Amino acid sequence: MTGILASQAFVKFSTLLILVLALGLAIVMSYRYVRKHSKPLLFWSTGMWFFVVGVLLEVLFAFGAYSELLIALYLFVVAMVVESLALGSMQLVKSGRLRVSYYIYSVIAVALLAYSLYASNIGNVITSHIVLGMLPVFVVVTSSIVTFPAAAILIAIAAISYLHKHSAKMLSIIAGVLVVLVAGTLYIAAMPSFLYYSEFIGILLLWLGFI
């Protein structure tokens with residue numbers, strides 16, 4: 001019993017700490033967008049606000065709040081974090097045709113994800129205040145359709161920018177995105193302690209990259 005209580009205390013503390021860091025980064029990036037009116041910053045800051053909402057939902061789960069609507073919203077928001085960051089990076093691509101093509105793909109992929117969450121019976125996948133249950137295959141597939149291409153685009157564009165500018169910030173962004181993606185995978189794989197370590201490290205790397 002003591003171990004369970006300690007684990008729950010760790011989850012609550014970790015989610016609150018990550019929430020503060022994510023909220024701070026979202027505010028800073030939004031402020032930078034207001035000053036510069038940069039399209040990449042618009043999407044990147046939007047992505048960070050999605051991240052804030054996702055962590056806020058993790059806080060609710062940690063404190064025992066749960067409904068199927070909340071878990072569906074969480075799964076949607078997690079995908080939109082990566083999608084928004086990728087859309088921000090796409091603004092750096094000179095080809096208008098490529099940008100428009102990805103916009104169309106994104107709309108279709110996100111619509112499919114939203115439909116899968118609406119149509120699927122997710123059930124209660126919370127155990128000891130963390131996500132441990134198996135998700136419907138339809139949801140897993142549509143989530144992957146959104147996140148995998150988005151992550152590939154984000155990492156590829158950051159890597160190309162690094163090769164051109166040799167900016168350490170780009171490396172930090174690449175590492176941060178990879179760690180955050182791994183965190184989501186660990187969440188589904190029922191490895192909660194590694195989830196929160198990964199989210200914490202990921203948000204710090206994104207701080208270093210975007211600021």
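Since this is a predicted model, take the numbers as computed values, not measurements. Because only heavy atoms are used, hydrogens play no part in the values below, and waters and symmetry mates are left out as well, while side chains stay in.
With a 6.0 Å radius and a threshold of 12 heavy atoms from other residues, nucleotides or ligands, Phe148 has its CZ atom at or below the threshold. Applying the 6.0 Å contact sphere to OH of Tyr103 captures more than 12 heavy atoms from other residues, nucleotides or ligands.
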Let's go through Phe51 and Leu85 carefully: what are the C-alpha distance in whole Å and the side-chain angles of both, what is the deciding distance for side-chain contact (heavy atoms from CB on, under 4.5 Å) to 0.1 Å, and is it a yes or a no?
CA-CA 10 Å; Phe51 191 91; Leu85 294 177; over 6 Å; no
Step by step, would you call Leu16 with Phe63 a side-chain contact (heavy atoms from CB on, under 4.5 Å)?
CA-CA 11 Å; Leu16 288 172; Phe63 280 85; 4.1 Å; yes
Audit row: Ile27, Leu23, side-chain contact (heavy atoms from CB on, under 4.5 Å) steps and yes/no:
CA-CA 6 Å; Ile27 291 173; Leu23 181 60; 4.0 Å; yes
Mind running side-chain contact (heavy atoms from CB on, under 4.5 Å) on Ile145 and Tyr105 for me, showing each step along the way?
CA-CA 10 Å; Ile145 289 173; Tyr105 175 84; 3.2 Å; yes
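In this pair, Tyr118 and Tyr115 present their aromatic rings tilted. The plane angle is within the 30 to 60° band.
Under the 4.5 Å side-chain heavy-atom criterion for Ile, Leu, Val, Met, Phe, Trp and Tyr, Trp44 and Ile160 are members of distinct hydrophobic clusters. Using a 4.5 Å cut-off between side-chain heavy atoms of Ile, Leu, Val, Met, Phe, Trp and Tyr, with links allowed through other members, Val81 and Leu112 fall into different hydrophobic clusters. Leu75 and Phe138 end up in different hydrophobic clusters when Ile, Leu, Val, Met, Phe, Trp and Tyr side chains are linked at under 4.5 Å. Hydrophobic clustering keeps Phe50 apart from Val20 (ILVMFWY residues linked when any side-chain heavy atoms are closer than 4.5 Å, directly or through intermediates). One hydrophobic cluster, built from ILVMFWY side chains closer than 4.5 Å, cannot hold both Tyr31 and Leu25; they sit in different ones.
Using a 4.5 Å cut-off on side-chain heavy atoms (C-beta onward), Ser116 and Leu113 make contact. Contact check for Leu56 versus Leu19: side-chain heavy atoms found under the 4.5 Å cut-off. Using a 4.5 Å cut-off on side-chain heavy atoms (C-beta onward), Glu58 and Tyr74 make contact.
Note that OG1 of Thr46 and CG of Leu41 are 10.0 Å apart. Values are rounded to the nearest 0.5 Å. To the nearest 0.5 angstrom, Leu73 atom CG is 6.5 Å from Leu69 atom CG. One distance of note links CG of Leu87 with CG of Leu154; it measures 10.0 Å at 0.5 Å rounding. Distance check: Glu83 CD to Met90 CE gives 10.0 Å after rounding to the nearest 0.5 Å. The line from OG of Ser106 to CD1 of Ile153 is 7.0 Å long, rounded to the nearest 0.5 Å. Taking CG from Leu57 and CG from Leu70, the interatomic distance works out to 6.0 Å, rounded to the nearest 0.5 Å.
For the pair Ser45 (side chain) and Leu42 (backbone), a donor-acceptor distance under 3.5 Å is present. At distances below 3.5 Å, not a single donor-acceptor pair connects side-chain atoms of Ser120 with backbone N or O atoms of Leu117. Here the side chain of Glu68 pairs no donor or acceptor atom with the backbone of Asn121 at under 3.5 angstrom.
Nearest heavy-atom pair across Arg99 and Gln91 is CD-CA, 4.2 Å. In plain terms, the two heavy atoms of Ser38 and Tyr33 that are nearest each other are O-CD1, 3.2 Å. Taking both residues in full, the closest heavy atoms of Ser30 and Trp49 are given as OG-NE1, 2.6 Å, listed atom of the first, atom of the second, then distance. Minimum heavy-atom separation, Ala62 to Thr15: CB-OG1, 4.0 Å. Annotation for Ala86 and Tyr102: closest pair CB-OH, 3.8 Å, computed over non-hydrogen atoms. Residues Pro40 and Leu92 come closest through the heavy atom pair CG-CD2, 3.9 Å.
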